[in-house]
Every structure is written in structure tokens, then in C-alpha cells.
Amino acid sequence: MLGALFGVAAWGVWRTRDRRGLRGYLHGDGTARWFVIGLSVIATQASATTFLSIPGQGYQDGLGFVQNYFGGPLAMIVVAAVFLPLFRRLKVLTAYEYLGQRFDAKTRLLGAGIFLIQRGLGAALTIYAPAIVLSSVFGWPLGLTIVGAGLVCVGYTVVGGSDAVRLTQQWQLGIIFVAMVVAFFLLLARLPAGLGPGGAFALAGGFHKLDAVSFSTDVHARYTFWSGTIGGFFLALAYFGTDQSQVQRYIGGASLRESRLGLMFHGMAKIPMQFGILLLGVLLFVFYQFQPPPLLFARPSRELVAAHTEPEKLHAVEAAYAAAAGEQTRQLQGWLAARSAGDLPGAQVALVAAQTAHARADAARRDAAQLLKEAHPPAQASEADYVFITFILDQLPHGLIGLLVAAFFAAALNSKAAELNALASTTTVDFYGHLFGHDLGEAHQVAASKWFTAFWGGVAILAALGANLVENIVQAANIIGSLFYGAVLGLFLLAFFTKRVGGTAAFWAALTAQALVLLLYHYLDIAYLWFNLIGPALCVGLALLFQALFNLMGNHRRAVPVSS
């Protein structure tokens with residue numbers, strides 16, 4: 001584990017030891033090929049959150065979460081055709097420099113400021129995810145583990161810069177995929193004899209875990225074909241077109257063609273990759289139907305409940321869960337026997353009985369979550385984030401546990417380093433350099449970028465200490481993006497496709513749209529993906545309205561005669 005983690009990181013730092021200039025530190029040396037860019041884009045987005053939380057998402061809700069990415073490939077085409085050529089032609093260090101050139105300084109600072117807020121919050125989740133793993137494996141206190149994991153990520157990023165991130169991501173991503181493939185086949189090997197992949201998928205289908213696509217038009221449904229295609233398109237367009245953590249991954253390609261190919265590679269690989277990880281979660285669900293999981297997956301939650309709950313109350317919940325889980329396993333064994341014997345009516349009867357027992361077991365688990373809330377009100381049973389790591393620790397041999405722990409931490413280094421690098425570059429270029437550093441040398445700005453990397457690492461560590469309040473890490477990351485990306489995307493759409501909207505109208509429109517999105521999220525009960533459409537629509541519509549009002553007021557003032 002230590003060799004995989006620190007060996008790759010040390011190699012990346014050594015390879016980039018001669019990077020001295022600001023552009024080289026933030027963007028690399030400009031020689032990256034399409035394959036490296038594509039892997040870097042994937043690795044930046046696919047943090048430990050992806051490989052830890054998405055299997056748990058598949059365990060809980062099945063394959064439906066994959067709809068979240070349906071709009072991604074089309075968004076990659078738009079980014080490659082519109083955003084990328086302009087960024088490269090203007091040779092901007094950050095995406096928000098373009099807003100300053102198209103509008104004005106205050107609009108640039110607003111776009112950069114919104115990015116810093118949402119990416120700073122998102123960075124906390126990429127620290128929290130590997131901390132869960134290390135805390136579960138070694139039994140360390142979660143808070144201290146968050147601090148330790150965060151410091152490792154910060155030190156690695158400060159020393160290496162963008163090229164170290166890009167160079168090491170391809171090797172770290174290799175470790176991750178090897179570990180996930182090994183876990184997938186070992187999970188298949190742990191399934192009951194006679195079940196096989198066909199039986200596993202038949203059982204998963206019986207519990208509606210294979211319902212990958214829903215064409216429901218209900219805007220309250222969290223994941224549907226329409227929310228994923230439309231809302232997911234705008235989410236991906238904002239993330240890859242305006243988020244500095246992604247922009248600086250592909251803007252430093254060897255040529256426009258290489259950068260475009262890298263984006264297309266990501267667009268083609270993303271949905272199959274997420275589908276495979278969700279499928280792993282579905283198989284975890286099947287596995288735990290024959291070998292019931294603990295009442296609560298999260299060990300810290302179990303310890304809190306045991307320490308602060310009346311023994312009689314806890315025993316009653318545990319007994320109800322054990323009875324329901326045992327009945328479910330017996331019925332599924334009967335289903336498997338009937339299915340093997342060709343007795344389809346008997347198999348159907350056993351499956352219905354198993355589903356009824358499963359509902360009772362779920363009710364007992366909800367009762368346990370309520371006990372946790374009573375024992376420690378701020379806590380939440382974030383079960384999905386602990387499903388995969390529980391399987392790893394309980395079912396895999398120790399050598400493979402080390403490989404998978406290294407994979408999770410490598411994913412954390414991938415994403416965390418890219419995020420911190422983007423936060424530092426935006427702070428240095430769009431705030432420090434723009435406001436205070438006109439006469440400062442390049443070496444000073446590189447040093448400032450490293451200090452800002454450390455600063456944002458500290459902010460992320462502090463925010464991660466409160467991340468146990470979220471229900472599911474990957475959903476929390478998408479919700480944060482959906483609430484903050486829309487206004488910034490609206491600014492870029494105005495910059496690209498309108499000629500008469502000025503900076504003042506764009507500034508107030510984005511600020512108003514951001515406030516309205518947060519207000520609507522609080523009061524409006526709709527799927528969060530729709531806010532990726534609402535945000536830019538509000539920003540563009542308000543900017544056109546404000547500009548028309550400003551023009552009208554200007555014409556009115558010119559038309560009023562000045563009294564002598």
C-alpha cells in the first residue's frame with residue numbers, strides 16, 4: 001500500500017522538479033498527448049468518492065444513477081467546439097480571465113469567487129472519502145484521519161504542481177482499475193454456489209436494481225432519462241467548460257487536436273465506467289442477500305448506538321433485523337433451489353416472500369438509523385459510503401485489502417491534487433495577481449500559488465470534518481455542483497453567444513441567479529439536476545432584461561434636456 005501510494009507520488013514530483021514558471025506550474029509544459037489528457041480528466045473527476053460511494057449508491061438504488069451522466073457526451077462536443085478553442089487562442093491561465101476580457105473585472109471576480117466557494121466545499125468530500133477507508137481499516141478516529149489524509153494530499157500538490165498531478169494520474173488510475181476489476185471478480189466468486197452471473201442479475205432484477213432508465217416526467221424523481229440528459233448536459237457543460245480543475249487539465253495539451261481528442265475519450269469512457277462501478281454495487285446487493293450485512297454498515301455509527309442507546313431498545317431492533325434478514329436468506333435459498341429445478345412458480349413465490357422479508361429488514365435498519373439520531377443528533381447513517389469498504393474488510397484477503405486501500409487513496413490524490421491546484425491557480429491569477437501582483441515577478445507568483453494551495457487544503461480539511469452530516473458523498477458532490485455551476489455557466493454562455501450584454505448586466509444577473517437558485521433549492525422540491533438548467537436560464541434571461549433596462553435608462557437620460 002505504501003509503495004503504491006508514495007512511490008508513484010515521489011516519481012511525479014521528481015519528474016517535474018525543473019518546473020519553475022507560473023504557466024508551467026499551473027498548466028504543465030504543454031506537451032500532454034490526448035491519452036494522457038483523457039486519463040487526467042477522468043482521474044480528476046473520478047475521485048475516491050466515485051470508487052467508494054458509487055458502489056454503495058448501486059447497492060441502495062440500483063443502476064438508475066447512471067442516468068446522471070447521459071448528457072455528458074454531448075457536453076464534451078460543445079466544450080471541444082466552443083470553449084476549448086477560445087481558451088487556447090487567448091492563452092488564459094484560468095477560465096475566468098476570459099470573463100474579465102469579455103466583460104469586466106468585477107464579473108471575472110464573481111465567476112472566480114463562485115468557483116472557489118463550490119470547489120472548496122467539493123474538495124472537502126474528496127478528503128472525507130479516503131478518511132472513511134483509513135478509519136475503517138485501521139480503527140483510527142475519523143477526525144484525526146481526515147486531518148492526516150488532507151495533509152498528505154496538500155503536501156503532494158504543493159511540491160509537484162500541475163504536471164506532477166497529470167503524470168501521476170495515469171499510474172494511479174491504473175492502480176484503481178486493477179483493484180476494481182479484482183474486487184469485481186472476487187465478488188462473483190463469493191456468490192452462492194449455483195447462482196452464477198445469470199442468477200445474480202435475475203435476482204437483482206427482481207428487486208428492481210437493474211432499472212437503469214426511467215422515462216418518467218415527474219420533476220420530483222431524482223434520476224430520470226430527462227433530468228440526466230437535460231440537467232446532466234448542463235452540469236457536465238458547466239463542470240468541464242467553466243470549472244478550473246477541469247479546464248487546466250485539457251488546456252495544457254500539446255495542440256488543439258490533442259485536447260479535443262482527450263475530451264472525446266472522456267466522453268466515450270465516462271458512462272461505461274460509471275455503469276460498471278454501479279454494477280459492482282448491484283452485485284454487492286445480491287451478495288448481502290445471502291449473507292446479511294451488519295445492522296449499520298458504518299462502524300462509527302454502530303459504536304455510537306451501542307454506547308448511547310438503552311440495551312433493551314437496541315436489542316429489540318437487532319432481534320427484528322436478525323429475524324427478517326434470516327427469513328429473507330431462507331426464502332432466497334428456496335428461490336435458488338426452485339430456479340435450479342425449473343420450478344418457476346415456486347421460485348416466484350419464494351421471491352415475493354423474500355421481498356417482504358427484505359422490507360421488514362429495511363424497516364429495522366431505519367429504526368437503527370433513528371436510534372443513531374437519538375444517540376447523537378448531528379450524526380447521520382451515511383450507509384452507502386461504507387458498503388464497499390465493509391465488503392473489502394470482511395471478505396477479501398489482506399494483500400488485496402492493501403491494494404484497494406491504495407486504490408482509494410490514489411483516487412483521492414488524483415482528484416484532491418487537481419482541485420487544490422485549480423483553487424490555488426484561480427486565487428493566484430484572478431485575485432492575488434489581478435488585484436495586487438501586477439509588479440511581482442513570476443517566482444513570487446509561483447510561491448504565492450503554493451501558499452494558496454496550502455490555504456485551500458486547510459479550508460477543505462476543516463470542511464471535511466463536518467462531512468459526516470451528508471447522506472451520500474457522491475450525491476452531495478453533485479448537489480453542490482448543481483447549486484453553484486449554473487450562474488457561472490450562464491456568464492460564459494452570455495460571453496460566447498451575446499454581443500450586446502455588458503459586464504454590469506452580466507454581473508447583477510449572475511449574482512441574482514445564484515441567490516434565486518439557493519432560494520429555490522430550499523423551497524422547491526424538485527430533483528437537483530434540474531437546477532443545472534434553471535441556473536443558466538435565469539442568468540441569461542436576467543442579463544438580457546437588465547441590459548434592456550440599462551439601455552432604456554441611458555436613452556431616457558440622453559433624451560431629457562439639460563436646463564440652463
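The analysis underlying the following values was restricted to heavy atoms, covering all of them including side chains, and did not include hydrogens, waters or symmetry mates. In this text the structure is predicted, and so the values were computed from the model without any measurement.
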On a heavy-atom basis, the closest approach of P55 and L280 is CG-CD2, 4.3 Å
For L235, run the side chain to side chain contact (heavy atoms under 4.5 Å, CB included) check against L533, N478, I230 and tell me which one passes. N478
Decide side chain to side chain contact (heavy atoms under 4.5 Å, CB included) for L116 and F431; before the verdict, give the C-alpha distance in whole Å, the side-chain angles of both, and the deciding distance to 0.1 Å. CA-CA 11 Å; L116 291 176; F431 284 91; 3.6 Å; yes
Please answer whether the main-chain N or O of F65 pairs with a side-chain N or O of Q57 as donor and acceptor at a distance below 3.5 Å. no
Residues A543 and L494: closest non-hydrogen pair is CB-CD1, 3.4 Å
Atom CG in L263, atom CD in Q246: separation rounded to 0.5 Å? 8.5 Å
With a cut-off of 3.5 Å and sequence neighbours excluded, list every side-chain donor-acceptor pair involving residues 506-517.
| residue | atom | partner | partner atom | Å |
| --- | --- | --- | --- | --- |
| T512 | OG1 | W508 | O | 2.7 |
| Q514 | NE2 | L483 | O | 2.9 |

Side-chain donor-acceptor contact under 3.5 Å, D243 with Q118: yes
Can you name the closest pair of heavy atoms from A95 and F87 and give their distance? CB-CZ, 3.8 Å
Neighbour count >12 (heavy atoms, 6.0 Å) for atom CH2, W226: no
How far does CE of M273 sit from NZ of K270, to the nearest 0.5 angstrom? 4.0 Å
Kindly say whether the aromatic ring centers of F531 and Y521 come within a distance under 6.0 Å. yes
Classify the side-chain pair Q67/Y223 by whether it contains a donor and acceptor separated by less than 3.5 Å. no
What class does the angle between the rings of F225 and F215 fall in, given that below 30° is parallel, 30 to 60° is tilted and above 60° is perpendicular? tilted
Test applied, ring pair (Phe, Tyr, Trp, His ring centres under 6.0 Å); reference residue, F83; option that passes from Y98, Y239, F496, Y250: F496
Is a side-chain N or O of E97 found less than 3.5 angstrom from the main chain of T94, in a donor-acceptor match? yes
If you round to the nearest 0.5 Å, how far is CZ of R119 from CD1 of I480? 9.0 Å
Please check this pair: side chain of T498 against backbone of R500, looking for a donor-acceptor N/O pair closer than 3.5 Å. no
Partner of F234 under side chain to side chain contact (heavy atoms under 4.5 Å, CB included), picked from L529, N532, I534, is N532
From CD1 (I277) to CG (L63), nearest 0.5 Å: 12.5 Å
Taking the ring centre of each residue, are F240 and H266 less than 6.0 Å apart? yes
Could you pull out all residues at least two apart from P272 that satisfy side chain to side chain contact (heavy atoms under 4.5 Å, CB included)? none
Taking only residues two or more places apart in sequence or in another chain, which ones pass ring-ring contact (aromatic ring centres under 6.0 Å, His included) with F115? Y96
Looking only at heavy atoms, what is the nearest atom pair of A236 and A75, with distance? CB-CB, 3.6 Å
Without swapping roles, check the side chain of Q547 against the backbone of G502 for a donor-acceptor pair under 3.5 Å. yes
Any donor-acceptor N/O pair, R108 side chain to L99 backbone, under 3.5 Å: no
Would you check if V82 and F497 make a side-chain contact, meaning some heavy-atom pair closer than 4.5 Å? yes
Without swapping roles, check the side chain of H220 against the backbone of A527 for a donor-acceptor pair under 3.5 Å. no
Heavy-atom donor-acceptor pair, T427 side chain to F452 backbone, under 3.5 Å: no
Does any N or O in the side chain of T428 come within less than 3.5 Å of the main-chain N or O of S425, such that one atom is a donor and the other an acceptor? no
Starting at CG of L151, measure out to CD1 of I461 and round the result to the nearest 0.5 Å. 4.5 Å
